[in-house]
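Sequential numbering from 1 along the given sequence is applied to the chain's residues.
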Amino acid sequence: MLPKSIWKPDWFMWGMAVAVALAWIFPNPGAHGGFLHPELLNKIGVALIFFLNGVSLSFAALKSGMMRWPVHVVVQLCTFVLFPIAGLLLNHLADGHLAPGLQLGIFYLCALPSTVSSSVAMTAAARGNVPAAVFNATLSSVIGVFITPLWLGAVVHSSSGNGLPLGKVILDLCTWLILPLVLGQISRPWLALWASRNKRGIHFADRGTILLLIYTSFCDSVKWGVWSAHGWNIVVLTIVGSVLLFFAMFAVVRFLCVLLRFPFPDRITTVFCGSKKSLASGIPMAQIIFAGNPQLSLILLPIMIYHPLQLVICSILAGRWAQRPPEETPTAVPQPQESRR
């Protein structure tokens, strides 16, 4: 039986569609030079997201998950090594058939950190190792501030000969992501109780800010005619590529879990953290790394498609694994194909 939550309408998914539609109809306010002043608004939004994450993040949960180092090694290896290699392979196969912005977006998706909230929620629903999931997801977000731009800098330089200004990019990411996260952690003694009582409001503010960033990300692309130049067939190609990428990486993570004989709760954590990519980090990071790039919407398209795809598939798997008997210790993680609707 599938979890009931999978059938409920997700306001955030609908919100992404509305944000893109508004950018298509009213691009001027969110474009550079518009009255929303996205150059400043986007950075404030990014800082708000990571400050709220810092306030909500329990250090006790992180500490209790630190000791499962084999899980952490596999998850970070998959997230920042195997995924980027898969992205390079996909771009090699698609070379000449996709717009350059979309090819960069595919690799950007592969270089992103893992999710935080959804990985932890899915792990808890499936009765996995929740402390290890909290530690891995948070560690991935911090590492991604440095590894993601390094990967992008190498790929951009090899394809165009012009690298990213890595020093400035990493400094901006530390200023607008890491610093607010640290300040949020520092403020926990005063704000932790407030955060606990207002989880719904914090979640709404977090997701609402991401929708605003999506809107401004698409405004410049619409204004510059990026979509009219390439057509909507790129959406279909991106969906197909995202499905192939997810199941390929899922199979790799599953194989590593079996090879290393992880206990089943650790396998759940590794699969959910190692096969997912973070929209919540991807949108803010893109606003800083690709600031002023008119193809930003093409760059973000793969993560915007991969995000709901991974949620649907992982929700199905979480519902199935949650029903296993307490004494069950299977030797292999079930195939994702068996869990399809």
Side-chain angles (χ1 to χ4, degrees), residues 1-6 53 56-80 82-83 112-144 199 203 246-281 306-340:
M1 182 181 298
L2 302 180
K4 293 181 180 179
S5 60
I6 204 172
N53 285 339
S56 305
L57 185 61
S58 169
F59 182 77
L62 282 177
K63 185 177 179 180
S64 63
M66 287 180 183
M67 301 308 296
R68 295 298 301 140
W69 64 266
V71 174
H72 310 328
V73 170
V74 172
V75 170
Q76 305 309 321
L77 176 68
C78 290
T79 302
F80 293 116
L82 299 185
F83 249 111
L112 282 173
S114 181
T115 62
V116 177
S117 58
S118 63
S119 290
V120 174
M122 298 291 182
T123 300
R127 292 163 43 206
N129 188 335
V130 175
V134 173
F135 180 81
N136 259 298
T138 307
L139 178 64
S140 179
S141 295
V142 175
I143 292 176
K199 288 182 180 179
H203 178 77
F246 180 88
F247 281 111
M249 292 307 302
F250 189 100
V252 170
V253 178
R254 169 188 172 272
F255 171 77
L256 291 174
C257 288
V258 174
L259 182 67
L260 297 173
R261 299 181 180 276
F262 283 174
F264 200 61
D266 284 355
R267 295 181 190 181
I268 292 173
T269 300
T270 307
V271 166
F272 284 155
C273 293
S275 64
K276 297 171 80 175
K277 289 294 181 174
S278 175
L279 177 73
S281 294
Y306 194 89
H307 174 76
L309 171 72
Q310 68 186 5
L311 291 184
V312 170
I313 297 173
C314 291
S315 292
I316 294 172
L317 293 171
R320 177 180 178 180
W321 290 338
Q323 296 176 30
R324 72 188 188 278
E327 68 278 6
E328 182 181 349
T329 54
T331 57
V333 176
Q335 295 283 353
Q337 289 83 356
E338 298 174 358
S339 299
R340 290 179 181 172

Quick check: closest heavy atoms across [X] and [Y], and the distance to 0.1 Å?
X      : Y      : result
Val253 : Cys78  : CG2-SG, 3.7 Å
Ser281 : Ser141 : OG-OG, 4.1 Å
Cys257 : Val271 : SG-CG2, 4.4 Å
Ser119 : Phe272 : OG-O, 3.6 Å
Ser114 : Ser278 : O-CB, 3.4 Å

A side-chain contact here means heavy atoms from C-beta on lying under 4.5 Å apart; do [X] and [Y] qualify?
X      : Y      : answer
Thr79  : Lys277 : yes
Ile313 : Phe247 : yes
Arg127 : Pro265 : no
Thr123 : Asn136 : no
Pro70  : Arg261 : no

TODO: Go through the steps to decide whether Val252 and Leu82 satisfy the test side chain to side chain contact (heavy atoms under 4.5 Å, CB included), and finish with yes or no.
DONE: CA-CA 9 Å; Val252 170; Leu82 299 185; 3.7 Å; yes

Open item on the list: Quick check on side chain to side chain contact (heavy atoms under 4.5 Å, CB included): which of Val134, Asp266, Ile268 does Asn129 satisfy it with?
Closed with: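 Per the side chain to side chain contact (heavy atoms under 4.5 Å, CB included) rule, the option paired with Asn129 is Asp266, out of Val134, Asp266, Ile268.
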
TODO: Give the ring-plane orientation class for Phe83 versus Tyr306, where under 30° counts as parallel, over 60° as perpendicular and anything between as tilted.
DONE: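 Ring orientation, 0 to 90° scale: perpendicular.
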
- [ ] Measure the acute angle between the ring planes of Trp321 and Phe264, then classify it against the limits of 30° and 60° as parallel, tilted or perpendicular.
- [x]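 Aromatic pair Trp321/Phe264 classed perpendicular.
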
- [ ] Please test Val74 against Phe262 for side chain to side chain contact (heavy atoms under 4.5 Å, CB included), starting from the C-alpha separation and ending with a verdict.
- [x] CA-CA 11 Å; Val74 172; Phe262 283 174; 3.9 Å; yes

TODO: Test Thr115 against Met122 for side chain to side chain contact (heavy atoms under 4.5 Å, CB included), laying out the working first.
DONE: CA-CA 11 Å; Thr115 62; Met122 298 291 182; over 6 Å; no

Task: side chain to side chain contact (heavy atoms under 4.5 Å, CB included) assessment of Phe246 paired with Cys314 - done: CA-CA 11 Å; Phe246 180 88; Cys314 291; 4.0 Å; yes

Task: Nearest-0.5 Å distance, SG of residue Cys273 to CD of residue Gln76 - done: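 CD of Gln76 is found 8.5 Å from SG of Cys273.
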
